[in-house]
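Below is one structure, written out as structure tokens; the observations come after it.
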Protein chains: 2
Amino acid sequence: MTNTDIDATRLQDIGSFEGSLAHRVYLALQDAILSLKFLPGQVVRKGPVCEKLGVSRSPVSEAIARLANEGLVDVIPQSGTRIAHLSMEDIREGTFLRQALELASVAKVAEDRTEDQFAQINRNMRLQDLLVEDGDFPGFYQADEEFHALLMAFTGYPRLKTVARMVSLQVTRARMLLLPTPGRTTETLDEHRAVVDAIRIRDPDAAQRAMRLHLGQLMPRIEALAETRPELFQSR
Amino acid sequence: MTNTDIDATRLQDIGSFEGSLAHRVYLALQDAILSLKFLPGQVVRKGPVCEKLGVSRSPVSEAIARLANEGLVDVIPQSGTRIAHLSMEDIREGTFLRQALELASVAKVAEDRTEDQFAQINRNMRLQDLLVEDGDFPGFYQADEEFHALLMAFTGYPRLKTVARMVSLQVTRARMLLLPTPGRTTETLDEHRAVVDAIRIRDPDAAQRAMRLHLGQLMPRIEALAETRPELFQSR
DNA sequence: CCATGGAGACTAACATGTTAGTTGACATAG
DNA sequence: CTATGTCAACTAACATGTTAGTCTCCATGG
């Protein structure tokens, strides 16, 4: 009643989103799960969610079905729905899948990029430099996301971004717990720069190596986290 | 009325599946779409589907929502649902995504495989030889699928297979139209054998090269198809 | 002959009612 | 004190009712 249930009042209002009701409910719930406003293991009750968002059970059910499909919640048939625990298995798999997609993307972009595309990547890179210099961590986080999003966009494959986001949702959630450290941000900058350099000289293999090196930094940091916050993880 | 609508009577009975009603309806519809019993452009009416399958609109709606999410149908809000056209864009993207996942998988398997896993792969390979020798095309198609499924399973990442299937659904549908030719099957055998050889000597790079070569054979054949059956495709 | 607009039929999306299965607390037996 | 069976409360899943938006088609006006 007190701690085992989610706190539906922490959901953001769905008026800020667009699309069908079901989709807006989905976004609100996903945000709460990814940002850890809802903790792993907590029970999702449709009643309070409907009440808070001012909708009926239909769109809420559809939203929960999608979240279950993405592995963010566990639906127990005829019984209940719970926020999924983080599991190192899932995170490892998500990292693997994400890396597969990122490596293929960066190789393709390194081969096919236009001058204009490279200019955009380079502009983003300079923005990253600036933000780190200013110590603007949230801004840098966003620019970092955009760096990867740009690369995917420049493949010309629109679904790529969606698929990449989907497979690495659990990783995203875990990343929320990683505090930005000054040392890590400058390392990140160097790694990004190596990727950009490879793209500049149109060297797919070098781009892949640089990206692999960059992405390889994440898992060890998450593994360290699993020891600090074991209650969020599940052994299975 | 006659040709613009799907023929719901061609749906297979959902009794043959297991899981929730919604999931079984989903499987029945997906089968009909992938096997081209339902043609691109045709309108899906919930009424006849409910009637044929003996269920209410709820599970049908949920199934259609999932199909829309996977791009197999286009839902026009407040209006109707249509079987999605094949598009070379989607197929190219699906091939790219699929290849990204297969290359990452085969490299990992080449590195990490156990002796027992290799034995299973090798057994499948010998089965393929046998089936081609006997001219059993459906059997070979199935063994081919299993060959790729084995590789993905041996990564140890269970969602991989699901994701791979999802991203290449459009490709699967297009492949249904490709007639097996004796020449192509022996080529396929050689390509598979090259992959197996690389896995035997635990050479990830060679395995990737062999797999890339193998997967690269598909797109040209589909592109030829688009000229033969233009009514199934859409320019967008 | 073409444009336009409006009425009706149809639909997805949403709301609500119903069913059947699971869980957990509690009482009772060992 | 532990094991077990029962029962009530709760839930997901499904069925059905309602709403509001879209499309088609035909009539009317230019």
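Reminder, nothing fancy here: chain letters follow the sequence lines and each chain counts from 1. Note that the structure is predicted; figures quoted are calculated from it, not measured.
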B:Arg159/A:Glu89 salt bridge by N-O under 4.0 Å criterion: no
B:Val49 side chain near B:Ile6 side chain, heavy-atom distance below 4.5 Å: yes
Strand contacts (DNA chain D) in residues 12-26 of chain A, 4.0 angstrom heavy-atom criterion: none
Separation between CD of B:Gln128 and CD of B:Glu146, rounded to the nearest 0.5 Å: 9.0 Å
Aromatic ring pairing B:His192/B:His214, orientation class (parallel under 30°, perpendicular over 60°, tilted between): perpendicular
Exercise: identify the closest heavy-atom pair between A:Ala174 and A:Leu225: O-CD2, 3.7 Å
Of residues 50-71 of chain A, the positions that come close to DNA chain D - non-hydrogen atoms, cut-off under 4.0 Å: A:Arg57
Pairs flagged by ring pair (Phe, Tyr, Trp, His ring centres under 6.0 Å) wherever residues 28-51 of chain B is involved - sequence neighbours left out: none
Where at least one partner belongs to residues 24-39 of chain A, residue pairs that pass side chain to side chain donor-acceptor pair (under 3.5 Å), sequence neighbours excluded: A:Gln12-A:Asp31, A:Tyr26-A:Gln30, A:Tyr26-A:Glu70, A:Asp31-A:Lys37
B:Arg123 side chain to B:Gln120 side chain, donor-acceptor N/O pair below 3.5 angstrom: no
Polar side chain donor-acceptor pair, A:Thr114 to A:Asp116, under 3.5 angstrom: no
Between the protein and nucleotides 4-8 of chain D, list every N/O to N/O distance that falls short of 3.5 Å.
none

Note: A:Glu223-A:Arg92 ion pair, threshold 4.0 Å (strictly below): yes
Reference residue A:Thr172; test side chain to side chain contact (heavy atoms under 4.5 Å, CB included); the match among A:Met176, A:Gln170, A:Arg175: A:Met176
5' priority, DNA chain D, between B:Ser79 and A:Gly80 [closest heavy atom]: A:Gly80
Salt-bridge contact A:Glu62-B:Arg66 (side-chain N to carboxylate O under 4.0 Å): no
Contact boundaries on DNA chain C for chain A, cut-off under 4.0 Å to non-hydrogen atoms: C:dC14 to C:dT23
Separation between CG of A:Leu27 and CD of A:Glu18, rounded to the nearest 0.5 Å: 9.5 Å
DNA chain C: 5'-proximal contact among A:Ile76 and B:Val75 (nearest heavy atom): B:Val75
